[in-house]
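Along the sequence shown, residues are numbered consecutively beginning with 1.
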Amino acid sequence: MDFATRAYNHSFPFDPIVRSLLDTDFYKLLMQQFIWEHYPNEQVSWRVTNRTRKVKLAAEIDLSELREQLDHARELRFTPSEIIHLRGQSFYGQSGIFKEGYLHALAAFRLPEYRLGQSTDRQIDLSFDGPWWQTTLWEIYALTIVNELRSRALMRAMSRSQLDILYARAKVKLYAKLERLRGLPGLNVTDFGTRRRHGFLWQEHCVLTAREVLGEHFTGTSNVHLAMKHELEAKGTNAHELPMVLAALTRQRAPRDAEALRQSQYKVLQQWQNQYRGNLLVFLPDTFGTTQFLDQAPQWVSYWTGARPDSKEPIEGGEELIRFWKRIGLTDEEIASKRLIIFSDGLDVHLPGSAANGADIADIYHHFDGKVLAGFGWGTNLTNDFIGCHPVDSDRMKAISLVCKVQAVNGRPAVKLSDNYEKATGPFEEVEAYRAVFGSAGVRNAPVLV
């Protein structure tokens, strides 16, 4: 693919960003089926938030182009061949993961309406309201659309030679990272880069290059469309969305019941394990703080295949999980051979002479080698690392931290405390109510994202 020529000659009357409803993360489909079965009537509100506040998205992206891309996504449908793929494909060695009732619902599915505007500080104001099982799929599509529109807008100001340099440097950088990983025996790397990718075609290039360089150590992609197209394993489990909504529902039904709120983070896992098994049993402990989650976790949580620490420093978070499994009664040998930690928070590969832009996969690999089974979900820094590639401004194409989070459930505010204050969300009063139950998660008081 000649990316520079395509970007420079971008004269298509309309170039869709989302080409298929399968162009999403696998865990969204797993969670959507779970929601469709257990919580089909709950109403959930979502909102896109740009954590990189210095970047004024509404000044960089044409809102009419954004509306056109969102409208196009709403016109897409799951095709018969895509439904057949989901029905017949084995995932994690398991067949029949998706039930017929859910597949029939997908065949008639259409994304619900959206609301689009501009805030006073020149940020995009994009939100979605409706049945949880329908609005949940907007998350990834919205993020990919906004991120790729920003990439296109920035590149319109570049000359043909500048675009040549941009992509040449990005390709060399990508290959250098993969070469550094190639010599690690038993490495397990998966592409988790859909939501903040530079663009669909660039993500496809990264995935295929990773498969070529890493071979069997590149174990798949979270992107269902790319997995289907290139015969890769689709990977994913679950996300913060589930405990956030369950907690809000608990607050709605029993607003003063602290124990019910505390137990809601485990209730959702009980329901999940009744529906899925094997490598789909990977818990996410940090929604309301990892330490409190592990300190109070029932015995059965330790029977799950593994965990995904998502907001603590990776080595600290991994060691805390190992201590949990030891405390619960597992031996060093059992942990080393039977428990999995999936690291996925801001991972990168550090290159000599380049500034670090996230936790180093190789460092984490060496630290936990022989201690636990380790997997690496490599996201933004795989599919959107153009730092140092722009020929004029080295940070001009730096990826932004864009998220789409649950805001409310049946009108009740949703909260995420996290282990990282920058990832916390919720209105002040509700955050304080959660902290009274779960403790003060995060490294310091969290700013409130309403």
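In this structure, the side chains of W272 and L281 come closer than 4.5 Å at one or more pairs of heavy atoms. Taking 4.5 Å as the limit, every side-chain heavy atom of V437 sits out of range of all side-chain heavy atoms of Q292. Within the 4.5 Å cutoff, the side chain of L226 has heavy atoms near those of the F200 side chain. Looking at E233 and Q89, their side chains never come closer than 4.5 Å, going by heavy atoms from C-beta outward. Within the 4.5 Å cutoff, the side chain of I140 has heavy atoms near those of the Y27 side chain. T291 is not listed as a side-chain neighbour of Q296, based on a closest heavy-atom distance of 4.5 Å or more. Taking the side chain as every heavy atom from C-beta outward, R150 and L402 never approach each other to under 4.5 Å. Taking 4.5 Å as the limit, every side-chain heavy atom of D348 sits out of range of all side-chain heavy atoms of D360.
Side chains of W304 and Q273: a donor-acceptor N/O pair is present below 3.5 angstrom, by distance only. Using a 3.5 Å distance cut-off with no hydrogens or angles, the side chains of H38 and Q275 do pair a donor with an acceptor. At a cut-off of 3.5 Å, with distance as the only test, no side-chain donor of N357 or H350 sits close to an acceptor on the other residue. Side chains of Q123 and N50: a donor on one and an acceptor on the other come within 3.5 Å. There is no side-chain donor-acceptor pair under 3.5 Å between S90 and S95. Under the 3.5 Å distance criterion, with hydrogens and angles disregarded, no donor-acceptor pair is assigned to the side chains of K423 and S401. Residues T194 and Q203 bring a donor and an acceptor atom of their side chains to less than 3.5 Å of each other.
One finds the CZ atom of F368 at 4.5 Å from the CD atom of E319 (value rounded to the nearest 0.5 Å). Between atom CZ of residue F78 and atom CG of residue L103 there is a gap of 10.0 Å, rounded to the nearest 0.5 Å. Between atom OG of residue S119 and atom CG of residue L57 there is a gap of 9.5 Å, rounded to the nearest 0.5 Å. Here L30 contributes atom CG and D25 contributes atom CG; the two are 10.5 Å apart, rounded to the nearest 0.5 Å. Atom CG in L21 sits 5.0 Å away from atom CG in L76 (nearest 0.5 Å). Put simply, NE2 on H198 and CG on L382 are 13.0 Å apart, with the number rounded to the nearest 0.5 Å.
With hydrogens and angles ignored, the 3.5 Å screen pairs a side-chain donor or acceptor of K56 with a backbone N or O of R53. Side chain of D385 to backbone of I387: a donor-acceptor contact under 3.5 angstrom is found. Without hydrogens or angle criteria, H217 side chain to N188 main chain gives no donor-acceptor distance under 3.5 Å. No donor-acceptor pair closer than 3.5 Å links the side chain of Q32 to the backbone N or O of T136. Judged by distance alone, with hydrogens and angles left aside, the side-chain atoms of T250 form no donor-acceptor pair with the main-chain N or O of L261 at under 3.5 Å. Of the possible donor and acceptor atoms, none in the side chain of S222 sits under 3.5 Å from a partner among the backbone N and O of K235. Not one N or O on the side chain of T52 forms a donor-acceptor pair closer than 3.5 Å with the backbone of I400. Of the possible polar contacts, one joining the Q69 side chain to the I17 backbone as a donor-acceptor pair under 3.5 Å is found. Between the N381 side chain and the L347 main chain, a donor and an acceptor come within less than 3.5 Å of each other. Using modelled atom types, no side-chain atom of S394 and backbone atom of H390 make a donor-acceptor pair closer than 3.5 Å.
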Check your understanding: Can H230 and T221 be said to form a side-chain contact (heavy atoms from CB on, under 4.5 Å), step by step?
Key -> CA-CA 10 Å; H230 297 290; T221 174; over 6 Å; no
Practice item. Test salt bridge (charged side-chain N to carboxylate O under 4.0 Å, His left out) on R182 and E179 and set out the steps. Key: CA-CA 5 Å; R182 181 160 49 186; E179 281 193 311; 3.3 Å; yes
Point to revise | salt bridge (charged side-chain N to carboxylate O under 4.0 Å, His left out) assessment of R251 paired with D257 | key: CA-CA 8 Å; R251 288 276 290 162; D257 192 336; over 6 Å; no
Practice item. Determine, stepwise, if the pair E422 / R51 fulfils salt bridge (charged side-chain N to carboxylate O under 4.0 Å, His left out). Key: CA-CA 8 Å; E422 293 181 343; R51 291 174 178 159; over 6 Å; no
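A salt bridge does not link R435 to E430: none of the charged nitrogens lies less than 4.0 Å from a carboxylate oxygen. The existence of a salt bridge linking K338 and E333 is excluded, since no basic side-chain nitrogen approaches an acidic carboxylate oxygen closer than 4.0 Å. Ionic pairing of D286 and R308 is not present here: no N-O contact between side-chain nitrogen and carboxylate oxygen is shorter than 4.0 angstrom. For the pair R262 and E259, the salt-bridge criterion is met [side-chain N within less than 4.0 Å of a carboxylate O]. We find that K405 and E241 are not joined by a salt bridge, their nearest charged nitrogen and carboxylate oxygen being 4.0 Å or further apart. Using a cutoff of 4.0 Å between basic side-chain nitrogens and carboxylate oxygens, R253 and E42 are scored as salt-bridged. Between K312 and D345 there is no salt bridge, since no side-chain nitrogen of the basic residue lies less than 4.0 Å from a carboxylate oxygen of the acidic one. In this structure, E334 does not pair ionically with R339, as no charged nitrogen and carboxylate oxygen lie closer than 4.0 Å.
Shortest non-hydrogen contact noted between V282 and N238 is O-ND2, 3.2 Å. Scanning both residues, Y102 and L29, for their nearest heavy atoms gives OH-O, 3.4 Å. Looking at every heavy atom in both residues, T287 comes nearest to P243 through OG1-CG, 3.3 Å. Between D129 and S45, the shortest heavy-atom distance links the atoms OD1-OG, 2.6 Å. In plain terms, the two heavy atoms of N147 and R197 that are nearest each other are CB-O, 3.7 Å. Heavy-atom minimum distance, I342 versus P309: O-CD, 3.4 Å.
When ring centroids are compared, F109 and W133 come within the 6.0 Å threshold. For Y167 and W202, the ring centers sit closer than 6.0 Å to each other. Aromatic rings from Y276 and F34 are positioned such that their centres are separated by 6.0 Å or more. Residues F288 and F293 keep their aromatic ring centres 6.0 Å or farther apart.
Between W325 and F283, the ring-plane angle classifies as perpendicular under the 30° and 60° cut-offs. The aromatic rings of F376 and Y365 are tilted relative to each other, their planes meeting at an angle between 30° and 60°. Aromatic ring orientation, Y141 versus W138: perpendicular (interplanar angle above 60°, classes split at 30° and 60°).
The salt bridge (Lys or Arg N to Asp or Glu O under 4.0 Å) test with E60 is passed by exactly one of R396, R152, K54: R396. Shown are I165, L166, V172; of these, the side chain to side chain contact (heavy atoms under 4.5 Å, CB included) with R169 is made only by I165.
Sparse packing is recorded around CZ of R277, with 12 or fewer heavy atoms of other residues, nucleotides or ligands lying under 6.0 Å away. Residue-environment remark: CD (Q299) exceeds the threshold of 12 foreign heavy atoms within 6.0 Å.
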